Amino acid sequence: MRIATWNVNSVGARLPRLLAWLDNNRPDVLALQELKCTTADFPAAAVAELGYEVAAHGGGRWNGVALLSRVGLAEVSYDLPGQPGFPETEVEPRAVGATCGGLRVWSLYVPNGREPGHPHYEYKLAWFQALAAATTLELATSPQRPFALVGDFNVAPTDADVWDPAVFADSTHVTPAERAALARLLDLGLTDIKPRALKGEPYTFWDYRGGSFYKGQGMRIDLVYGNAAFAASVTDAYVDRDERKGTGASDHAPVVVDINV
DNA sequence: ATGGTAGCCTGGCTA
């Protein structure tokens with residue numbers, strides 16, 4: 001089975017690239033983030049022509065996540081149990097889970113955090129707490145079933161995952177509290193499935209501004225966290241760095257993982 | 001080059 005995750009930064013703007021990428025790479029399951037469209041406006045018919053069922057969860061202008069599958073799509077869950085909102089009462093579409101064939105998977109778009117100390121940063125940390133609680137429940141339900149959290153975590157796990165740690169000092173994505181939130185997920189039994197470094201870079205995201213991509217100024221923030229059954233079945237993992245090239249690219253590249261499931 | 005780019009929906013927010 002091939003599973004991939006991709007922050008497309010607007011599924012509408014990315015539709016030609018998305019359809020071509022699906023056709024060329026044929027993932028069994030694709031998790032999308034930053035749809036930037038409503039659930040009703042998701043191009044379900046276009047991906048259905050390629051054989052994919054869809055669980056889309058959109059809100060319109062920002063956020064939005066989806067799971068595409070051609071190996072079944074069951075037990076769909078929208079939002080994490082107890083997912084915090086921003087503001088408090090507004091739960092944003094940032095999580096969708098489903099069972100696809102023998103795999104249980106969640107597509108996640110973790111809040112950015114903006115700046116340490118900002119209310120959005122506290123929201124991000126609270127969001128991770130809900131994610132840990134949800135993961136605990138999922139792992140207890142079916143401990144032996146392959147399980148993975150995939151998506152845009154908006155945290156670089158280590159200093160090796162940012163192009164220049166000095167540039168990010170005192171910024172979000174690298175703070176001890178954010179990395180502790182990732183460590184908590186590892187403590188629950190998940191493994192960071194690290195993609196092969198292509199061109200010497202482990203990155204999955206390059207800012208649009210300032211020619212970051214061509215300068216090698218990226219970050220690895222799109223992650224695949226799998227349980228033991230998932231991690232043991234991995235045969236390959238890589239970043240499709242070429243998808244970041246050219247006009248009309250997302251600022252994130254797809255992360256692809258092949259598993260024996 | 002006195003912030004840079006892209007995407008949403010129209011001057012500003014978000015990343």
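Only a predicted model underlies this, so the values are computations on that prediction, with no experimental measurement involved. So that the names make sense, note that chain A is the first sequence line, chain B the second, and so on, each numbered from 1. Only this structure's heavy atoms are used, side chains among them; waters, hydrogens and symmetry mates stay out.
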* Provide the distance between the two P atoms, one in dC9(B) and one in dG4(B), to the nearest whole Å. => 23 Å
* Gln33(A) CD to dA15(B) P: how many Å, rounded? -> 14 Å
* Arg114(A) vs dT14(B): side-chain N/O to OP1/OP2 distance below 4.0 Å -> yes
* **Distance, rounded to the nearest Å, where Phe205(A) contributes CZ and dA6(B) contributes C1'** => 11 Å
* Does Arg14(A) place a side-chain N or O at less than 4.0 Å from the phosphate oxygens OP1/OP2 of dG7(B)? -> yes
* I would like to know whether Arg184(A) and Phe128(A) meet side chain to side chain contact (heavy atoms under 4.5 Å, CB included); could you show each step before the answer? => CA-CA 9 Å; Arg184(A) 170 101 177 93; Phe128(A) 268 119; over 6 Å; no
* Assign each of Asn9(A) and Asp152(A) to its nearest nucleotide of DNA chain B by heavy atoms, then name whichever residue's nucleotide is nearer the 5' end. => Asn9(A)
* Asked: Between Asp207(A) (CG) and dT14(B) (P), how many Å, whole number?
  -> 16 Å
* Separation between the P atoms of dT10(B) and dT5(B), rounded to whole Å -> 24 Å
* Structure fact -> Here the distance between atom P of dT14(B) and atom CG of Asn154(A), to the nearest Å, is 14 Å
* Which of these nucleotides, dC8(B), dA6(B), dC13(B), is closest to any side-chain atom of Tyr208(A)? -> dA6(B)
* dG11(B) to dA6(B) separation - P atoms, rounded to the nearest Å -> 22 Å
* Gln33(A) and Asp152(A): side-chain donor and acceptor closer than 3.5 Å? -> no
* Structure fact -> Atom CG of Asp41(A) and atom P of dC9(B) are separated, to the nearest Å, by 9 Å
* **Spacing of Asp192(A) atom CG and Tyr225(A) atom OH [to the nearest 0.5 Å]** => 4.5 Å
* To do: May I have the distance from Gln217(A) (atom CD) to dA15(B) (atom P), rounded to whole angstrom?
  => 21 Å
* Spacing of Phe213(A) atom CZ relative to dT5(B) atom C1', expressed in whole Å -> 15 Å
* Asked: When the nearest nucleotide of DNA chain B is assigned to Lys36(A) and to Tyr109(A) on a heavy-atom basis, which residue is associated with the more 5' position?
  -> Lys36(A)
* **Trp62(A)-Glu92(A) side chain donor-acceptor pair, cut-off 3.5 Å** => no
* Please state how far atom NE2 in His120(A) lies from atom P in dC13(B), giving the value in whole angstrom units. => 14 Å
* Ignoring hydrogens and angles, state whether a donor on the side chain of Asp240(A) or Trp21(A) is under 3.5 Å from an acceptor on the partner side chain. => yes
* **Between dA15(B) and dG3(B) - P atom distance, rounded Å** => 23 Å
